[in-house]
Amino acid sequence: MVQSYGSMSIAQLSVLIQSGHTDPVTVIEQILESIASFSDDAVFIEVTSERAIREAKESSKRLHDGRSLGLLEGVPVAWKDLFDLEGTITSAGSKLLRRDHAPAAADAAVVARLALTGMVSTGRVNMSELAFSGLGLNPHFGTPLNPLSRDVDRIPGGSSSGSAVAVAAGLVPVSIGSDTSGSVRIPAAFNGLIGYKASRGRYPMQGIYPLADSLDSLGPLARSVQDAWWIDAAMRGATPSVSAPCPASALEIVIPTNVVFDGAGGDVVEAFELALDRLSVAGAKIVREPIPALTELLDTMAQYGALVTAEAYAFHEARIIGPDAGLIDRRVVKRALAGQKITMPDYVALLAARRRMTGEVEAQIGSRLVAFPTVAHVAPPLEGLEKDEDAFFAMNGKTLRNTSLGSFLDWCGISIPCGTGEAGMPVGFLISGLRGQDETLLSAALGIEGIVRGS
């Protein structure tokens, strides 16, 4: 039986395409058939079949003529439903926006950049409405189910829910998401994937529907760090090239002793600690120390409110207090309305505290990296969260806690699977670098990926 092209890594598929063992048209035909026949119709909001076939044919011709655009030629990609794709409606997982928005006049800047590498866009994948939840539930287009669960229906994580499920289910090799407080890293952890949040500002943001400008960033959900490396280069407008892994023995990794393990499941802690043991054996220097800013950060948000909430409320105010509010997920409305209580002095104080704490952490950490569990628990069952609003908000806060720390401090980060926990569900190992240290982080992740995975 031929392996599904969607279940391959980019690197594996690239070898087959570049060597002529398969053709971009053959690849996309199988991909589109897999999407159409997949049992969960909540993964894709819109499949851009005509575009995909056209791009695949153009890719095939280039290869036949000896004009390959490089390593990503003919590789399919899916886009979270907040990237503009020319001729289609960007709805950010919202039926209200799907009603009110006109089709995009042009591709988002990063969509255009990946098209220039020969990648084939397959369509828009589902997400938490307006990207404002870490759980991935969507009452309008359905909630994509975590494909790794073998006992009960479990959440995919959010807000890049469809991106994670599309890759984890083997429908596409890679999907591009956004990450404001954890929206790439969380679903990557819950679905056993690589999830890379780049430093804010690393890629152009034109044509991307925003949530909070001070925090919004982008990144891929993929099968390997190598894949994330290539996608990162393409999204920057650079040529994907051979990677340069940093050996574990050259790394010093800080494990915070405060905040990040509070309330963590024993299964998650065990998987994380086993990964640390493997890294230590491989020569990495593991240092455990408190990072005082993490505690202060939570206290600051408790006092003034969350930065993401303030900016999301300011952006969406007219919608969530207007006559169409009833058309938006009630949980999104409720969370955004908390921004009404955040005054301008509160917002200014938050920004000032962020600048100060970011500087303090940079002075403490220096050139080292920081690691802790991506999420303090594995993907929970869907049913209770769907029915119980209090349970939803409690779980949302717990799920976002660890990743939001790095977002507030302007870190880049990458979640790597490090084992399994309850019910055999994946556990994520989040390793982060200070702002702008993306090359250092990616190089380190390349060097330790196999160790962290235990493979």
Do [X] and [Y] make a side-chain contact, defined as non-hydrogen atoms from C-beta onward lying under 4.5 Å apart?
X    : Y    : answer
T403 : K197 : no
R200 : D216 : no
P103 : I89  : yes
V378 : T420 : no
W230 : T117 : no
V259 : F372 : no
W411 : L441 : no
D84  : V111 : no

Return the [atom1] to [atom2] distance between [X] and [Y], rounded to the nearest 0.5 Å.
X    : Y    : atom1 : atom2 : result
S59  : K57  : OG    : NZ    : 13.0 Å
L409 : L294 : CG    : CG    : 6.5 Å
L369 : S432 : CG    : OG    : 8.5 Å
I365 : I291 : CD1   : CD1   : 4.0 Å

Would [X] and [Y] count as having a side-chain donor-acceptor pair, cut-off 3.5 Å?
X    : Y    : result
S224 : E449 : no
Q226 : S9   : no
S217 : D179 : no
R331 : S128 : no

Are the side chain of [X] and the backbone N or O of [Y] linked by a donor-acceptor pair below 3.5 Å?
X    : Y    : answer
E29  : I53  : no
R154 : S149 : no
N126 : G142 : yes
S199 : R202 : no
N146 : I155 : yes
S249 : A284 : no
R335 : F132 : yes
E73  : L69  : yes
R368 : E252 : no
D267 : E422 : yes

Identify all side-chain donor-acceptor contacts of residues 32-39 below 3.5 Å with residues at least two apart in sequence or on another chain.
unit_1 : atom_1 : unit_2 : atom_2 : d
S34    : OG     : Q30    : O      : 3.0
S37    : OG     : E33    : O      : 2.9
S37    : OG     : S34    : O      : 3.4

Atom pairs and distances, side-chain donor-acceptor, residues 203-213, under 3.5 Å, sequence neighbours left out:
unit_1 : atom_1 : unit_2 : atom_2 : d
Y203   : OH     : D232   : OD1    : 2.6
Y209   : OH     : R319   : NH1    : 3.2

Decide yes or no on salt bridge (Lys or Arg N to Asp or Glu O under 4.0 Å) for E362 and R435, but give the supporting numbers first. CA-CA 9 Å; E362 289 177 352; R435 57 183 173 181; 2.6 Å; yes
Mind running side chain to side chain contact (heavy atoms under 4.5 Å, CB included) on S94 and H101 for me, showing each step along the way? CA-CA 10 Å; S94 172; H101 279 183; over 6 Å; no
Counting only heavy atoms from other residues, nucleotides and ligands, does the tally under 6.0 Å from CD of E383 exceed 12?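 Atom CD in E383 is not packed in, count stays at 12 or less.
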Can you name the nearest heavy-atom pair linking A169 to P147, along with the distance?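 Minimum heavy-atom separation between A169 and P147: N-CG, 4.0 Å.
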Pair up each side-chain donor or acceptor in residues 74-83 with any protein partner under 3.5 Å, not counting sequence neighbours, and list the distances.
unit_1 : atom_1 : unit_2 : atom_2 : d
W79    : NE1    : S121   : OG     : 3.0
K80    : NZ     : S159   : OG     : 2.6
K80    : NZ     : S160   : OG     : 2.9
K80    : NZ     : S178   : O      : 3.4
K80    : NZ     : S178   : OG     : 2.8
D81    : OD1    : S91    : N      : 3.3
D81    : OD1    : R124   : NH1    : 3.0
D81    : OD2    : S91    : OG     : 2.3
D81    : OD2    : A92    : N      : 3.2
D81    : OD2    : G93    : N      : 3.1

Check the pair V375, V268 against side chain to side chain contact (heavy atoms under 4.5 Å, CB included), reporting the backbone distance first and the verdict last. CA-CA 8 Å; V375 189; V268 170; over 6 Å; no
Could you walk me through whether V165 and L145 pass the side chain to side chain contact (heavy atoms under 4.5 Å, CB included) check? CA-CA 7 Å; V165 174; L145 300 178; over 6 Å; no
Start with the C-alpha gap between F44 and L171, add the side-chain angles, then the distance that decides, and say whether side chain to side chain contact (heavy atoms under 4.5 Å, CB included) holds. CA-CA 10 Å; F44 274 79; L171 300 180; 4.3 Å; yes
Basic-acidic side-chain contact under 4.0 Å: R67, E58: no
